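Below you'll find the structure, written out as structure tokens, and then a few comments.
Below, chains carry the letters A, B, ... as their sequence lines are ordered, and counting in each starts from 1. Please read these numbers as outputs of a predicted model, since none were measured by experiment.
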2 protein chains.
Amino acid sequence: MSLPHAILTALLEKPSSGLDLTRRFDKSIGYFWSATHQQIYRELGKLEGEGLIRTLPAEQPARGQKKSYEVLPAGRAELARWTAAAQDPRPQRDVLLLRLRAAAVVGTAGLEADLRRHLELHRRQLAEYREIEQRDFPPDRDAPEDRIRHLVLRAGIDLETFWTQWLTHALAEFAELPDD
Amino acid sequence: MSLPHAILTALLEKPSSGLDLTRRFDKSIGYFWSATHQQIYRELGKLEGEGLIRTLPAEQPARGQKKSYEVLPAGRAELARWTAAAQDPRPQRDVLLLRLRAAAVVGTAGLEADLRRHLELHRRQLAEYREIEQRDFPPDRDAPEDRIRHLVLRAGIDLETFWTQWLTHALAEFAELPDD
DNA sequence: CGGGTTTGTGCAACTAGTTGCATAAGGAGG
DNA sequence: CCTCCTTATGCAACTAGTTGCACAAACCCG
């Protein structure tokens, strides 16, 4: 039940149309909560129906016309409520670790190439995060919202760092393993 | 599409009944692929229908009677295929980071307590993993399957380590933030 | 031996997310 | 002007996972 709240956050940061949101989910927010445009449009409809957001009173919104949304007070309140409410971490789900465990039983043949590919993907992501950090968080700027957003980005950077290290280590282990 | 493969892996490690599997998913495998007993029973039915597993020829399986499954050759082949096939990492989804980003907009009130709670949960999980490491992976044992399984456990340990550090850091930042 | 708890299996309904496709407006180019 | 591409919105069907509940056998206890 987090997509609506992700959308509320994005709209509070800046009122947007469905497509704008989609683009923004492909960047920043999507780094830890991805969504397709179909999901977003559906959710925008629901949120409007619940009175949490409304369309910006622009020209008549015909099909194929842009429709921008902004958050209503009720929406902001709901987001604040949700942010503060205790939530248990959702159960981990990691396919790669599962595959590795399977490989311990059926053999590692073929898996190594995909580990390499994943390593490359994580390296790229890490580089992208570092660029964002350079660009958006120069040293000595510290408005409270910036500090919090920087904290989120740090999590992303450290997670990607972890994965690149772990994958490197895993590949080194593979090299020592007897062929199977 | 990973649950069936998680089950195949578990059954290859040791033929089991639905309830046995449920228990094992609450431990080891569930650490990176959790599943409820309802999911497991449903999936066992499907896998049997597809000829990938079969019930161990025990006594007649009436309702309320244990029914144990073992993996058939076709099942092992399917697992090997799946393990070796290239798969893109599935998009990240982290509610806590999303909430933090929302907090940058609607304020951090109430969030701090839950961060503390999460920190405690991750500490506990980390301690549990370390115990398992002590117990199951003493130094100088290194059959190939053990090395791979140890690698998986290391990922768990390092991830929990990351989260405890990050949460500690986040709480320190919160302490410096002006109240809101 | 009768009633409550535990063990074990399972169905049904719901929620969230994914995939595939439809539709319309507007602009670009021959 | 007609076609093709891009922008923009959206529906429908499907898949995976969650929640709530049902039910039978076995075991345990007074």
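- Taking atom CG on A:Leu21 and atom C1' on D:dT9, their separation rounds to 13 Å, with Å as the unit.
- The distance from atom CG of B:Leu19 to atom P of C:dT6 is 14 Å, rounded to the nearest whole Å.
- A sub-4.0 Å separation between OP1 or OP2 of D:dT7 and a side-chain N or O of A:Arg23 is absent.
- Put simply, the side chain of B:His169 never gets that close to the backbone of B:Thr164: no donor and acceptor are under 3.5 Å apart.
- Mapped onto DNA chain D by nearest heavy atom, B:His37 and A:Tyr41 fall at different nucleotides, with A:Tyr41 at the one closer to the 5' end.
- A single hydrophobic cluster is seen to contain both A:Tyr129 and B:Phe162, as judged by linkage of ILVMFWY side chains at heavy-atom distances under 4.5 Å, directly or through other members.
- Rounded to whole Å, atom C1' of C:dG10 lies 16 Å from atom CG of B:Leu47.
- For B:His150, the side-chain hydrogen bond (donor to acceptor under 3.5 Å, both in side chains) partners at least two apart in sequence or on another chain are B:Glu133.
- B:Leu72 is not connected to B:Tyr69 by any chain of hydrophobic side-chain contacts under 4.5 Å among Ile, Leu, Val, Met, Phe, Trp and Tyr, and they are in different clusters.
- In this structure, A:Arg117 pairs ionically with A:Asp114, as a charged nitrogen and a carboxylate oxygen lie closer than 4.0 Å.
- Look at A:Arg116 and A:Glu120 and you find no salt bridge, because none of the NZ, NE, NH1 or NH2 atoms lies under 4.0 Å from a carboxylate O.
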**Message:** Walk along nucleotides 13-19 of chain C from 5' to 3' and tag each nucleotide B, S or - by protein heavy-atom contact under 4.0 Å, base first, then sugar-phosphate.
**Reply:** ---SBBB
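- B:Thr22 comes within 4.0 angstrom of no nucleic acid atom, judged by non-hydrogen atoms across all strands.
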